[in-house]
Visitor: 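Sharing a structure, written as structure tokens. Questions coming.
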Number of protein chains: 2
Amino acid sequence: MSVAPSRLRPTSSLHVTVREEILKRISNGTYQPDAPIPSTAMLGEEFGVSLITIKRALRDLQAAGMIVSVAGKGTYVKKQTRILRKLDMTAPSFEGTTMQLLSVTREKIADPVMLTFSPPREAMLCVRKTIFIDDMPFLYDSTYLSADVADEIVDEFSERLVTEALRRHNILVTNTDLIIDAAPATGQVEDVFGIPTGYPILRRFYKFSTDTADISIYGVLQAPFDRLSCSVSFPARNGRASRPGASSVGSSKHRA
Amino acid sequence: MSVAPSRLRPTSSLHVTVREEILKRISNGTYQPDAPIPSTAMLGEEFGVSLITIKRALRDLQAAGMIVSVAGKGTYVKKQTRILRKLDMTAPSFEGTTMQLLSVTREKIADPVMLTFSPPREAMLCVRKTIFIDDMPFLYDSTYLSADVADEIVDEFSERLVTEALRRHNILVTNTDLIIDAAPATGQVEDVFGIPTGYPILRRFYKFSTDTADISIYGVLQAPFDRLSCSVSFPARNGRASRPGASSVGSSKHRA
DNA sequence: GAGTGGTCTAGACCACCCT
DNA sequence: GGGTGGTCTAGACCACTCC
């Protein structure tokens with residue numbers, strides 16, 4: 001948007017033109033955050049296009065996280081608030097952090113990304129929970145534990161962050177492996193965050209190796225793209241390296 | 001999909017049922033990678049639903065990166081090949097890496113995420129390029145340089161990776177700041193990768209500080225979610241930390 | 001009950017590809 | 001020319017919210 005506007009002519013299809021016009025109105029403040037935009041009927045009349053074309057444009061804007069439609073009420077401009085977190089900061093405990101246990105099951109790890117950690121192939125204990133910040137769902141966590149050692153600390157995992165739970169049991173994390181990727185929302189994450197299918201998600205797969213034999217923790221943290229991003233720093237790549245993750249980029253919120 | 005199938009009844013709408021059925025056929029091999037699936041007309045007949053319902057389902061599958069539709073030809077199952085890269089590994093130079101310069105412009109940095117690096121507010125030199133691996137576009141790079149110092153090395157930047165160009169000029173990187181996030185594809189990235197609007201993108205914002213005064217490099221690397229993911233490791237979080245980024249997760253390809 | 005968004009349908013035109 | 005996907009239309013039903 002900031003690049004190559006190319007607003008010479010309606011570049012292509014009708015619904016794109018409509019979408020970009022609405023986007024423009026959001027950018028320039030014609031449509032205010034948290035306020036409803038005109039109904040599909042009104043927009044259809046204004047633009048002189050059919051309803052489904054309007055709806056198509058709105059659907060795309062929803063997929064881009066710009067608006068939220070509530071059936072029976074209206075369509076609202078989404079207020080953008082994103083949290084920036086340090087990657088190495090595994091136990092941040094922001095103020096206002098709460099969590100809600102969703103399920104505890106026995107499952108084999110099937111996710112192809114997580115399999116690159118070469119986890120045990122047996123069924124493991126799987127704890128799923130939602131992490132809220134200021135009563136807004138920000139993270140969806142799936143933690144996998146070796147089934148045999150987990151019984152005594154499973155309660156801990158359902159109320160605390162993984163790293164916090166480990167620390168409380170005096171288990172030392174010797175190594176943290178992370179894989180970060182993006183993915184379209186599917187299944188349970190859609191419900192947890194109330195987002196449409198295909199909505200971009202930031203995923204952080206983790207493997208915590210510990211000094212205690214047989215205890216390795218695997219899992220994924222997932223967040224909608226507009227809620228969370230993460231930062232790292234690598235000081236002095238040549239010569240002697242120092243503490244990883246010490247960042248000059250502070251943890252903060254910013255408008256996107 | 002691997003979680004909570006809940007296939008008791010058609011959970012919800014028709015297009016969802018159709019989508020999941022097609023997804024199932026892709027999973028179980030009924031529809032093979034790189035092979036065309038039946039036309040919308042045939043699918044519509046088979047499922048006994050209207051064409052636009054089929055098209056809706058296919059559009060969602062496209063947004064999820066499962067299929068590719070080519071107008072006038074057909075719809076194909078996408079072969080999943082993803083590259084895993086280490087985060088700290090800024091100059092990998094894989095075999096088969098080529099790049100194509102797209103533009104060199106003077107621009108102010110406007111992206112709100114990049115502004116968290118607090119870059120200079122003046123117009124900077126902006127070099128945009130596409131990075132190919134095995135003739136497939138994998139990365140879209142936008143690099144911002146201080147306009148005054150860049151003239152002599154701008155050619156370098158258009159043919160090489162940022163870090164390589166710096167090394168060739170004996171400029172030492174003293175600090176690397178990264179911000180990783182996900183975002184829906186918009187504008188130029190859609191064209192570069194041939195992906196639809198809203199397609200999940202993995203973004204890696206970077207800031208390279210150097211030992212040479214006044215030279216800091218800012219930029220973004222963007223890749224479709226199904227092409228690239230990245231890994232880091234943090235050994236020994238307590239006590240003395242050692243080399244950052246030394247990873248037990250190898251660089252490799254895997255099927256998703 | 002009026003208004004909203006979500007879904008579904010039947011039918012149409014176009015641009016494109018392949019034969 | 002026949003097949004494909006992409007777009008657009010008009011019209012309909014539903015579930016929901018708000019008054």
Side-chain angles (χ1 to χ4, degrees), chain A residues 9-22 26 31 34-78 185 190-191 194-199, chain B residues 9-22 26 31 34-78 185 190-191 194-199:
Chain A
R9 253 177 304 172
T11 318
S12 39
S13 36
L14 253 185
H15 73 264
V16 173
T17 314
V18 173
R19 186 216 304 157
E20 301 203 325
E21 175 58 26
I22 296 176
I26 294 175
Y31 299 152
D34 286 333
I37 71 175
S39 72
T40 53
M42 294 180 66
L43 288 172
E45 195 178 352
E46 181 193 340
F47 287 107
V49 300
S50 101
L51 281 194
I52 87 151
T53 303
I54 296 291
K55 289 177 176 180
R56 166 67 189 273
L58 293 185
R59 245 174 47 82
D60 288 345
L61 286 171
Q62 244 184 105
M66 298 305 301
I67 60 176
V68 185
S69 292
V70 185
K73 287 189 67 178
T75 303
Y76 299 83
V77 177
K78 213 166 170 181
E190 300 174 22
D191 306 330
I195 52 180
T197 310
Y199 199 79
Chain B
R9 252 177 305 173
T11 316
S12 41
S13 37
L14 253 185
H15 73 263
V16 172
T17 314
V18 172
R19 185 217 303 158
E20 301 203 326
E21 175 59 25
I22 295 176
I26 294 175
Y31 299 151
D34 287 331
I37 72 174
S39 70
T40 52
M42 293 180 65
L43 288 171
E45 196 177 352
E46 181 192 339
F47 287 106
V49 300
S50 102
L51 281 194
I52 88 152
T53 302
I54 296 291
K55 290 176 177 181
R56 165 67 189 274
L58 293 185
R59 243 173 48 82
D60 288 344
L61 285 172
Q62 243 184 106
M66 297 304 301
I67 59 176
V68 184
S69 291
V70 184
K73 288 189 67 179
T75 303
Y76 300 82
V77 177
K78 214 165 168 181
E190 300 174 21
D191 305 330
I195 52 180
T197 309
Y199 200 80

Visitor: Report the distance from atom CG of A/L58 to atom P of D/dC8, rounded to the nearest whole Å.
Guide: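 Whole-Å distance recorded here is 14 Å.
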Visitor: Please pick, from C/dT7, D/dT9, D/dG5, the nucleotide with the shortest atom-to-atom distance to any side-chain atom of B/T75.
Guide: D/dG5
Visitor: Round to a whole Å and report the spacing from NE2 of B/H15 to C1' of C/dG6.
Guide: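 Going from NE2 in B/H15 over to C1' in C/dG6 covers 9 Å.
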Visitor: From the set D/dG5, C/dG6, C/dT7, return the single nucleotide nearest to any side-chain atom of A/Q62.
Guide: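 Taking heavy atoms from C-beta onward, the closest nucleotide is C/dG6.
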Visitor: Pick from A/E20, A/R56, A/K55: which one makes a side chain to side chain donor-acceptor pair (under 3.5 Å) with A/H15?
Guide: A/R56
Visitor: Indicate for each nucleotide in nucleotides 10-19 of chain C, in 5' to 3' sequence, whether protein heavy atoms under 4.0 Å reach the base (B), only the sugar-phosphate (S), or nothing (-).
Guide: BB----BBS-
Visitor: Whole angstrom is fine here: how far is it from CZ in B/R59 over to C1' in C/dT7?
Guide: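 Rounded to the whole Å, the gap is 14 Å.
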Visitor: Quick check on DNA chain D: between A/G48 and B/A41, whose nearest nucleotide comes earlier from the 5' end?
Guide: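 Nearest-nucleotide comparison on DNA chain D picks B/A41.
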Visitor: Find the distance A/E45:CD to C/dT4:P and express it as a whole number of Å.
Guide: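 Rounded to whole Å, this separation is 11 Å.
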Visitor: Please check if the side chain of A/S50 supplies one atom and the backbone of A/I52 the other of a donor-acceptor pair under 3.5 Å.
Guide: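 Confirmed, A/S50 side chain pairs with A/I52 backbone.
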Visitor: Just wondering, more than 12 heavy atoms not from B/E45 lying within 6.0 Å of its CD?
Guide: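 Counting neighbours around CD of B/E45, 12 or fewer heavy atoms of other residues, nucleotides or ligands fall under 6.0 Å, so no.
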Visitor: Is there a side-chain polar atom (N or O) of A/T53 under 4.0 Å from OP1 or OP2 of D/dT7?
Guide: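 Checking A/T53 against D/dT7: no side-chain N or O falls below 4.0 Å of OP1 or OP2.
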Visitor: Just to confirm, is there a sub-4.0 Å distance from OP1 or OP2 of D/dG5 to any side-chain nitrogen or oxygen of B/T40?
Guide: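 True: B/T40 side-chain N/O within range (under 4.0 Å) of D/dG5 OP1/OP2.
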Visitor: Please state how far atom CG in B/L61 lies from atom P in D/dG6, giving the value in whole angstrom units.
Guide: 12 Å
Visitor: Select one nucleotide: of C/dC8, C/dT7, D/dG5, the one nearest the side-chain heavy atoms of B/S39.
Guide: D/dG5
Visitor: Taking all heavy atoms of B/L58 and all of B/I67, pick out the closest pair and write down the distance.
Guide: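 Minimum heavy-atom separation between B/L58 and B/I67: O-CD1, 3.4 Å.
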Visitor: Shortest non-hydrogen contact from B/I195 to B/A185?
Guide: CD1-CB, 3.8 Å
Visitor: So does B/R56 get a side-chain nitrogen or oxygen closer than 4.0 Å to the phosphate oxygens (OP1/OP2) of C/dC8?
Guide: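 So the side chain of B/R56 is outside the cut-off, no N or O lying under 4.0 Å from OP1 or OP2 of C/dC8.
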Visitor: Provide, to the nearest angstrom, the distance between the CD1 atom belonging to A/I54 and the C1' atom belonging to C/dG3.
Guide: 17 Å
Visitor: Between A/L51 and A/A41, which heavy-atom pair has the shortest distance, and what is it?
Guide: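 That would be CD2-CA, 3.7 Å.
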Visitor: Can you measure A/L43 atom CG to C/dG6 atom C1' for me and round it to whole angstrom units?
Guide: 16 Å
Visitor: If you look at every heavy atom in B/G65 and B/K78, which pair is closest and at what distance?
Guide: O-CD, 3.3 Å
